[in-house]
Student: 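There's a structure below that I have some questions on.
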2 protein chains.
Amino acid sequence: MSNINDVARLAQVSKATVSRVLSGSRGVKEASRLAVLRAADALNYKPSAIARSLTNQTTHCIGVICATEHVQQSTGYLQALEKQLSQHRKHLLLRFASDAHAVTQAVDELSGGLCDALLVVGARFALPEMQEEVIFIDCLSAPAALSISCDRRFAAQTAVEYLSRHQRRDIALINFSGGEAAQETLLGYREAAENHLIPFNRQRVIEGESSLRLALQKLINSGVKFNALLVTDDAQAQEAMAMLDDYQIRVPEQVLVFSLDGSTRLPGQAAIPAIEYSLEGIARRAVARLLGLGDPSDRVRGTLLCD
Amino acid sequence: MSNINDVARLAQVSKATVSRVLSGSRGVKEASRLAVLRAADALNYKPSAIARSLTNQTTHCIGVICATEHVQQSTGYLQALEKQLSQHRKHLLLRFASDAHAVTQAVDELSGGLCDALLVVGARFALPEMQEEVIFIDCLSAPAALSISCDRRFAAQTAVEYLSRHQRRDIALINFSGGEAAQETLLGYREAAENHLIPFNRQRVIEGESSLRLALQKLINSGVKFNALLVTDDAQAQEAMAMLDDYQIRVPEQVLVFSLDGSTRLPGQAAIPAIEYSLEGIARRAVARLLGLGDPSDRVRGTLLCD
DNA sequence: CTGTTAGCGCGTTCAT
DNA sequence: ATGAACGCGCTAACAG
């Protein structure tokens with residue numbers, strides 16, 4: 001592979017001029033400009049990305065750590081992210097990690113100057129603190145200031161309104177097990193209920209259970225009536241439906257299951273009503289934040305999705 | 001971020017010694033070894049991957065260009081590849097590309113010294129020649145010497161044997177539209193048929209049609225009888241089944257559809273018999289080839305998959 | 001407008 | 001065993 005010196009020699013100019021032409025090309029005589037271009041072309045010269053990185057202290061690489069539980073979910077994100085990144089001439093360095101330890105390790109290995117920044121996607125587990133420049137997408141337990149966060153309050157409100165409109169007023173909620181996401185969701189749920197004159201019944205809200213099965217079990221055991229069930233995502237919805245089926249409770253006739261996040265749903269999957277977030281929108285914001293643009297307090301609003 | 005000079009200064013040795021200690025070479029007094037280690041730890045020093053790359057002329061990055069038509073297919077490959085690559089301490093630079101032009105562009109952008117090698121996955125379209133170091137996975141129209149290729153002959157044989165065992169002896173084949181893959185598949189089909197005393201009927205083999213619909217149309221119009229249908233992959237199988245349904249032909253009672261490649265099947269998808277290739281095995285071979293190991297003529301054999 | 005010089009951070013001689 | 005010096009390929013600052 002030829003380097004900048006070869007081009008300079010062939011074009012009869014100095015390295016600096018070659019660099020100027022190929023980088024910002026301002027303030028260069030047209031004659032030498034052409035000479036450089038011609039020489040570069042003749043030698044099939046490609047500037048070395050590494051040498052550039054060393055000088056500029058920037059690699060144009062963004063590390064993406066996929067911590068998605070169900071790998072299928074990651075595909076949509078990856079595609080959306082890659083699209084946004086390549087539009088900004090950034091490269092995507094991919095890494096999968098299925099637990100906190102693996103994430104930490106991935107962060108370590110990617111932060112030897114290899115990446116300009118990191119993105120962690122879909123971590124459902126507790127994450128350790130990190131000093132690197134990291135943005136979190138769809139992660140629970142991540143500092144809000146560094147997260148692309150969904151407007152969960154809005155989602156819950158929208159869901160309750162939809163259900164109310166469909167004469168489902170006994171709405172149960174199996175919430176996130178904690179954190180801001182849980183608070184906001186509950187807030188939206190209560191607000192919308194109030195607006196629609198639906199009395200609040202604490203027994204219909206399950207929080208803090210470690211698994212959906214336990215939560216739903218608790219709900220059913222409590223004996224409280226419900227004809228709609230709000231769950232936090234599609235995976236939960238699937239589980240819930242399977243379990244309701246075991247209990248001979250018909251879906252959606254007896255209980256309408258609603259997913260508060262159906263964004264990573266696959267084409268062939270069962271269509272239950274859900275709030276859907278635009279992966280492209282999320283990716284766009286994430287990339288904007290990486291570039292220092294965008295407002296951290298800005299939240300993504302989902303769309304009601306029902307056939 | 002601290003650099004090698006800082007460490008050298010703090011450890012009261014020269015850069016060279018620091019480098020020796022951290023690069024594992026022997027011949028360093030134990031005292032200075034410890035001093036360096038201590039200093040590096042104190043400064044939280046990480047050698048710069050980029051500076052290393054510049055001197056070593058190797059980045060440990062492998063570019064992966066996903067040209068998969070249905071993006072869901074890529075997930076399995078990506079996961080398998082990332083696993084193998086990270087085991088060899090390599091990084092995965094991801095790129096999606098949906099046509100030949102996009103692939104070319106991706107190759108261009110990734111080959112400025114940024115990657116040590118490239119991997120193209122799942123291209124179903126014609127690819128241009130490229131001079132970079134590239135390995136092709138699951139691509140049609142790629143030089144055999146650079147491909148991780150499946151033993152299609154074996155797959156077709158296995159399929160025919162399976163069908164014959166299930167009393168389906170009128171086996172139609174909608175083959176690849178050309179290339180070595182088509183030849184091998186046909187070869188396997190004929191060999192197995194011969195072994196099982198199934199007479200060969202050219203009308204049952206459709207080749208060179210641009211789409212499955214056209215091919216199947218042609219097959220049906222020809223009026224030839226068939227009670228089994230071999231197609232090249234799951235996407236084709238889905239289409240075929242939809243079309244057979246339109247024709248009121250019951251699957252599998254009247255026609256058993258068999259997919260010659262069901263590797264990237266999703267969990268929830270309809271289970272038809274298929275040959276499945278181990279994504280891990282494929283990824284392993286691909287990485288081995290990148291590292292200069294492995295035998296180019298070695299082909300991956302699939303496994304019969306039926307519920 | 002252009003050439004020269006000095007790094008970016010590290011690995012690797014080559015002397016000592 | 002170890003330090004000084006050079007080079008990887010490129011860009012930025014400074015002269016001219």
Side-chain angles (χ1 to χ4, degrees), chain A residues 1-41 43-61 89 91 109-116, chain B residues 1-40 42-61 89 91 109-116:
Chain A
M1 200 55 179
S2 52
N3 65 23
I4 198 174
N5 288 303
D6 302 331
V7 179
R9 200 175 313 129
L10 183 59
Q12 313 257 42
V13 296
S14 73
K15 301 194 306 181
T17 302
V18 175
S19 175
R20 286 195 263 266
V21 171
L22 276 57
S23 301
S25 152
R26 45 156 178 267
V28 178
K29 208 201 319 180
E30 190 62 12
S32 19
R33 229 184 74 85
L34 291 175
V36 167
L37 258 25
R38 206 184 318 273
D41 189 63
L43 295 171
N44 187 27
Y45 165 73
K46 299 271 180 193
S48 154
I50 295 140
R52 270 197 172 149
S53 298
L54 188 59
T55 309
N56 302 338
Q57 295 293 318
T58 169
T59 64
H60 297 285
C61 284
R89 324 226 73 198
H91 299 293
E109 290 180 24
L110 292 181
S111 59
L114 233 175
C115 297
D116 293 342
Chain B
M1 201 54 179
S2 52
N3 65 21
I4 199 172
N5 289 305
D6 303 330
V7 179
R9 202 175 312 130
L10 184 59
Q12 312 259 41
V13 295
S14 74
K15 303 194 308 182
T17 302
V18 175
S19 178
R20 292 208 232 329
V21 171
L22 296 165
S23 303
S25 63
R26 304 296 171 198
V28 177
K29 207 196 329 181
E30 191 61 14
S32 22
R33 232 185 72 83
L34 290 175
V36 167
L37 258 24
R38 206 185 318 272
L43 295 172
N44 188 26
Y45 166 72
K46 299 269 179 193
S48 153
I50 295 139
R52 269 199 168 140
S53 297
L54 189 58
T55 31
N56 303 338
Q57 295 293 327
T58 169
T59 63
H60 297 284
C61 284
R89 324 226 76 201
H91 300 294
E109 291 179 24
L110 292 180
S111 60
L114 231 176
C115 297
D116 293 342

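Side chains are part of it too, since the values below use all heavy atoms of this structure and drop only hydrogens, waters and symmetry mates. Quick caveat: nothing in here was measured; it's all calculated off a predicted structure.
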Student: Strictly below 4.0 Å: does A:Lys29 bring a side-chain N or O up to OP1 or OP2 of C:dT2?
Tutor: yes
Student: Would you kindly compare A:Met1 and A:Arg20 by the position of their nearest DNA chain D nucleotide and give the one closer to the 5′ end?
Tutor: A:Met1
Student: May I ask you to say what A:Val18 touches in the nucleic acid, namely base, sugar-phosphate or nothing, with a heavy-atom cut-off under 4.0 Å?
Tutor: nothing
Student: Does a side-chain N or O of A:Ser23 approach OP1 or OP2 of D:dT11 to a distance below 4.0 Å, or not?
Tutor: yes
Student: Using a cut-off of less than 4.0 Å, is there contact between a side-chain N or O of A:Thr17 and OP1 or OP2 of C:dG3?
Tutor: yes
Student: Between D:dT11, C:dC10, C:dT2, which nucleotide gets closest to the side-chain atoms of A:Ile4?
Tutor: D:dT11
Student: To the nearest angstrom, how far is A:Arg9 atom CZ from C:dT4 atom C1'?
Tutor: 17 Å
Student: Please classify the nucleic acid contact of A:Asn56 as base, sugar-phosphate, or nothing, using heavy-atom distances under 4.0 Å.
Tutor: sugar-phosphate
Student: Whole Å only: how far is the CD1 atom of B:Ile50 from the C1' atom of D:dC8?
Tutor: 14 Å
Student: A:Asn3 has a side chain; which of D:dG9, C:dT12, C:dT4 sits nearest to it?
Tutor: D:dG9
Student: Using atom types as modelled and distance alone, determine if a side-chain donor or acceptor of A:Asn56 lies under 3.5 Å from a backbone N or O of A:Thr58.
Tutor: no
Student: Under 4.0 Å: is that the gap between some side-chain N or O of A:Arg52 and OP1 or OP2 of D:dT11?
Tutor: yes
Student: So which nucleotide from D:dG9, C:dT4, C:dG11 ends up closest to the side chain of B:Leu54?
Tutor: D:dG9
Student: Between D:dG9 atom C1' and A:Leu43 atom CG, what is the distance in whole Å?
Tutor: 15 Å
Student: From CD of B:Glu30 over to P of D:dA1, roughly how many Å is that when rounded to an integer?
Tutor: 12 Å
Student: Under 3.5 Å, side chain of B:Thr59 to main-chain N/O of B:Leu114, donor-acceptor pair present?
Tutor: yes
Student: Could you tell me how far apart A:Gln12 (CD) and C:dG3 (C1') are, to the nearest whole angstrom?
Tutor: 14 Å
Student: Is any N or O donor-acceptor pair between the side chain of B:Thr55 and the base of C:dG9 shorter than 3.5 Å?
Tutor: no
Student: Rounded to the nearest angstrom, tell me the gap between atom NZ in A:Lys15 and atom P in C:dC8.
Tutor: 15 Å
Student: Write down the distance between OH (A:Tyr45) and C1' (D:dG9), rounded to a whole number of angstrom.
Tutor: 7 Å
Student: Any salt bridge linking B:Asp6 with B:Arg9? Criterion: basic side-chain nitrogen under 4.0 Å from a carboxylate oxygen.
Tutor: yes
Student: Please examine the side chains of B:Lys46 and B:Met1, heavy atoms only from C-beta on, and report whether any two atoms are closer than 4.5 Å.
Tutor: yes
Student: B:Ser2 side chain to B:Leu43 main-chain N or O, any donor-acceptor pair under 3.5 Å?
Tutor: yes
Student: Of the nucleotides D:dT11, D:dA4, D:dC8, which has the atom closest to the B:Ala16 side chain?
Tutor: D:dA4
Student: May I ask you to verify if any side-chain N or O of B:Ser32 is less than 4.0 angstrom from the OP1 or OP2 atom of D:dT2?
Tutor: yes
Student: Examine distances only and state if a side-chain atom of A:Ser23 and a backbone atom of A:Ser19 form a donor-acceptor pair shorter than 3.5 Å.
Tutor: yes
Student: For a quick test of reading the model: is some side-chain N or O of B:Ser14 closer than 4.0 Å to OP1 or OP2 of D:dG3?
Tutor: yes
Student: Under 4.0 Å between a side-chain N/O of A:Ser53 and OP1 or OP2 of C:dC8, yes or no?
Tutor: no
Student: How many whole angstroms separate atom CG of A:Leu34 from atom P of C:dC1?
Tutor: 14 Å
